[in-house]
Amino acid sequence: MRELNFLLSLWKTNLASAMEYRAAFLSQAIGMILNDGVYFLVWVLFFDRFKEVRGWELSDMFLVFGIAAGAFGLAGAFFGNAFNLAEIITGGRLDYYLSLPRSVLLHVLASRVVPSGFGDLLYGFLSYFASGQASWGGLGRFILAILLATAIFIAFLILVQSLAFWLGTGGTFTALAVNAIITFAIYPITLFNQAAKVVLFLIVPAAFLGAVPAGFVRAFSWPTLGSMALAAAGFLALALTLFHLGLRRYESGSAIQVEV
Amino acid sequence: MKKYLAILKINLLNSLAYPAELLTRALVIVLFMWIFFQLWRVTFAAAGTEAIHGLTLRDTMWYLLLAETLELGRPRLARLISQQVKDGSIAYLLNKPYHFLFYQLASGLGDSLPRMGMLFLLGGVVVWALAGPPPAIAHWPPAFLALAGAWLLHFCFNALIGLAAFLAEEVAPFEWIYQKMVFILGGMLIPLDFYPAWLQTVCRSLPFAYMMYGPARLFVRPETTVFVQTLLGQILWLAVLGGGLALAFGSGMRRLAINGG
């Protein structure tokens, strides 16, 4: 409860700070909605020409795209530093968080808001309503799916970027990992063979950002919900363990830094 | 000219100084090419044909490789220039004995060339292994000439977006939309030949097709008419965008206020 209150205060401050530059904030959020919409046209054109890919149709793409955009947006809007944790580690900027009486990881992740994330999140919902499969029950499942997908996505980002404790670098590798999980998530899963699917479920958990939650949104299923919850818990546990193991190795030059 | 070549050389050497970084950045093309191959292999199999609108699976993959090389290796100057405008560091470039825009052109090229080379090399290995050998060497010169024109068009767009920082607080959304226009109207993810006829006509009347489709199509099918159309389109749009860039730069300079430093 204490951590939740802390998070709420942090988000409130972050949002107020971002809204100080209102025009920039709104232009990034609206720009991202347009960006996602225009990007999705590729799939509209593709399925207009080729109709389906091994049973995967345009309506499936709307769902997959909606969940991936929603999870990506939610991570950026509320845990914006999940995208540059490696830079913070290698730049010695964890000092600031270590000196405060709060969970280091939670504090660092939630200390930045990416304004375009709100655009991605909103686009996720637009994509869901455009899928032709919208219903009240479906909307509830969609929200739950986005929350679990976000947890898995953030856990994956922490895992990848915690390697910076050992490697001393990580920005480029992070970009590659983000590209990998998002790209795999928004392509029809029916394209991939069994070996690739093992990778997509266990190593780069893109299946939990696209195809699996999309299936859950289409129709409620306990096994699917269980698998998503298990994946979220498993990846989060791994991420926390690796981050805290890495934190023991953390060192910095005691540089004077200002966190704003 | 010599000073711009020196700037180009410095940036080239700077990029080559960290080969591991260059290689890691380029690895993303391996991922993209593999996924594209899965998608188009299934699509061609479902269509039950060797070629779709004259392009085989192998052609499509080499087309996509050239398009991705250009997209991932093109200059990323929009944010750099906008940052220079916003934080005032543009002042340090304006008082030097070179033109700001030509400086950006030379430095962008120096940064871009090694990246594009590495992307083409890595992606080429993947595409060759998955889809078959590259087009005959004779196809390469017209495609690479068009690639140079496309790169210049990308530079003009990037510089225009960067200079928009004189007017707008945030230029990132312009950059996103420009990139997605290239994706869709440039035929980056799907060759324009696969589009409905009306949309192909629309695309060919805009600059984006000459920034992506032209060079990529010439690489796999070097037809004279496509070559002439691409070059003429590039020259026309370079004149339009280059003129716009000169005007935007002049207008930006009149707005520029530098306070101490």
Side-chain angles (χ1 to χ4, degrees), chain A residues 21-56 114-116 119-120 167 169-193 196 204 206, chain B residues 18 20-47 52-53 72 82 86 164-165 167-196 199-200 203 208:
Chain A
Y21 302 95
R22 198 158 300 198
F25 180 91
L26 290 175
S27 68
Q28 285 190 61
I30 296 168
M32 188 49 79
I33 295 174
L34 286 173
N35 170 69
D36 291 349
V38 176
Y39 183 36
F40 191 76
L41 284 177
V42 169
W43 288 113
V44 175
L45 287 167
F46 180 87
F47 283 101
D48 178 59
R49 173 69 181 77
F50 299 107
K51 307 305 173 204
E52 52 113 23
V53 177
R54 287 187 179 157
W56 201 265
V114 179
S116 59
D120 274 321
L167 303 174
T169 176
T172 314
F173 189 55
T174 306
L176 184 64
V178 171
N179 261 321
I181 191 166
I182 294 295
T183 310
F184 278 122
I186 60 172
Y187 272 73
I189 199 161
T190 48
L191 289 175
F192 307 117
N193 61 22
V204 181
Chain B
Y18 304 100
E21 174 84 4
L22 193 66
L23 181 72
T24 318
R25 275 180 193 274
L27 275 177
V28 72
I29 204 162
V30 173
L31 168 80
F32 287 156
M33 286 301 122
W34 185 78
I35 292 187
F36 288 161
F37 179 71
Q38 303 305 320
L39 177 68
W40 290 105
R41 181 177 57 94
V42 170
T43 305
F44 271 81
I52 301 174
H53 296 287
L72 297 171
S82 81
K86 283 196 271 190
L167 303 169
E169 213 172 285
E170 183 57 69
V171 301
F174 300 136
E175 200 188 357
W176 299 332
I177 303 295
Y178 141 73
Q179 187 195 38
K180 297 309 174 296
M181 288 296 174
V182 174
F183 278 22
I184 307 284
L185 302 172
M188 199 198 91
L189 295 170
I190 305 174
L192 293 189
D193 310 78
F194 299 175
Y195 285 11
L199 189 54
Q200 288 189 36
C203 293
F208 307 106

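In what follows, chains carry the letters A, B, and so on, assigned in the order in which the sequence lines appear, proteins first and then strands, with residues in each chain numbered from 1. Quick caveat: nothing in here was measured; it's all calculated off a predicted structure.
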For [X] against [Y], the heavy-atom pair lying closest together:
X: A196(A); Y: W34(B); result: CB-CH2, 3.8 Å
X: P196(B); Y: L45(A); result: CD-CD2, 4.4 Å
X: A180(A); Y: L31(B); result: CA-CD2, 3.4 Å
X: W176(B); Y: Q28(A); result: CZ3-O, 3.3 Å
X: L39(B); Y: L191(A); result: CA-CD2, 3.5 Å
X: P173(B); Y: G31(A); result: CB-CA, 3.9 Å

Looking at [atom1] of [X] and [atom2] of [Y], how far apart are the two atoms once the value is rounded to the nearest 0.5 Å?
X: W43(A); Y: I190(B); atom1: CH2; atom2: CD1; value: 7.5 Å
X: T183(A); Y: I35(B); atom1: OG1; atom2: CD1; value: 5.5 Å
X: K180(B); Y: F40(A); atom1: NZ; atom2: CZ; value: 14.5 Å
X: R54(A); Y: T43(B); atom1: CZ; atom2: OG1; value: 9.5 Å

Taking side chain as everything from C-beta outward and backbone as N, CA, C, O, which of these in [X] sits under 4.5 Å from a heavy atom of chain A? Side chain, backbone, both or neither.
X: Y195(B); value: side chain
X: V28(B); value: both
X: F36(B); value: side chain
X: F174(B); value: neither

(request) Specify which of L27(B), T24(B), L189(B), I184(B) makes the most heavy-atom pairs with chain A at under 4.5 Å. (result)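 Sorted descending by pairs with chain A, the first entry is I184(B).
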(message) What I'd like to find out is whether the side chain of F44(B) reaches to under 4.5 Å of the side chain of F50(A), using heavy atoms alone.
(response)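 Not in contact.
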(message) I'd like to check R49(A) versus I52(B) (side-chain heavy atoms, cut-off strictly below 4.5 Å). Are they in contact?
(response) yes
Which answer fits [X], side chain, backbone, both or neither, if we ask what part of it has an atom under 4.5 Å from a heavy atom of chain B?
X: A175(A); value: neither
X: F46(A); value: both
X: F25(A); value: neither

(request) Determine the option with the most heavy-atom pairs under 4.5 angstrom with chain B, choosing from L41(A), T190(A), V42(A), N193(A). (result)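 It is V42(A).
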